[in-house]
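One-based numbering along the sequence shown.
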Amino acid sequence: MTSQLTFQIIQWLGIVAIFLSYIFISITRVRSKKIFHALNLLGGLCLAISSFALNLPVLMIIGIAWVVISIVTMTKLFKPNKEYKDWTY
C-alpha cells in the first residue's frame, strides 16, 4: 500500500467520523455530547494529518479548526462549571 493511499484512507476515516457524530447527535443515538466531540476530534485529526501529507492546505485548515474547536469544547465539558455540568440528554 502506498503512502498516498494510506493517507487517503485516513482522510476518509476522518470524514466518516465527523458525519457519524453529526448523524448520531441528530437522531439522538448518542446520549453524551462528550462522545460527539470525541468523534469530531478524531475526524478533525484524521483530516488535518492526511491533508498535510497530501498537500491539501484548505482541507488541512478545516481539519485544524475542527480539532481546536473540539479541544476547547471538551476542555469546558471536563471543567467543573455550572454551565457545562450536565451535557447529556
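Crowding of Q8 atom CD: a count of heavy atoms from other residues, nucleotides or ligands under 6.0 Å exceeding 12.
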Enumerate, atom names and distances included, each donor-acceptor pair closer than 3.5 Å involving a side-chain atom of residues 42-59, sequence neighbours excluded.
unit_1 : atom_1 : unit_2 : atom_2 : d
S50    : OG     : C46    : O      : 2.8
S50    : OG     : L47    : O      : 3.3
S51    : OG     : L47    : O      : 2.6

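In this structure, NE2 on H37 lies 7.5 Å from CD1 on I25, to the nearest 0.5 angstrom.
Screening residues 38-47 for side chain to side chain donor-acceptor pair (under 3.5 Å) gives S21-N40, N40-W66 as the qualifying pairs, with residues at least two apart or on separate chains.
A continuous path of Ile, Leu, Val, Met, Phe, Trp and Tyr side chains, each step under 4.5 Å between heavy atoms, connects F7 with I18, placing both in one hydrophobic cluster. Grouping the Ile, Leu, Val, Met, Phe, Trp and Tyr side chains by contacts below 4.5 angstrom, directly or via other members, places F19 apart from L41.
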Worked verdict on I35 versus F24 for side chain to side chain contact (heavy atoms under 4.5 Å, CB included): CA-CA 10 Å; I35 295 170; F24 288 162; over 6 Å; no

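Every residue was checked against the side chain to side chain contact (heavy atoms under 4.5 Å, CB included) condition with I61, not counting sequence neighbours, and none meets it. In this structure, the side chain to side chain contact (heavy atoms under 4.5 Å, CB included) partners of V16, at least two apart in sequence or on a different chain, are L20.
Between T2 and T6, every side-chain heavy-atom pair lies at or beyond the 4.5 Å cut-off.
Hydrophobic clustering, defined by side-chain heavy atoms of Ile, Leu, Val, Met, Phe, Trp and Tyr closer than 4.5 Å, leaves I69 isolated from every other such residue. Grouping Ile, Leu, Val, Met, Phe, Trp and Tyr residues whose side-chain heavy atoms lie under 4.5 Å apart, directly or via other members, leaves Y22 alone, with no other cluster members.
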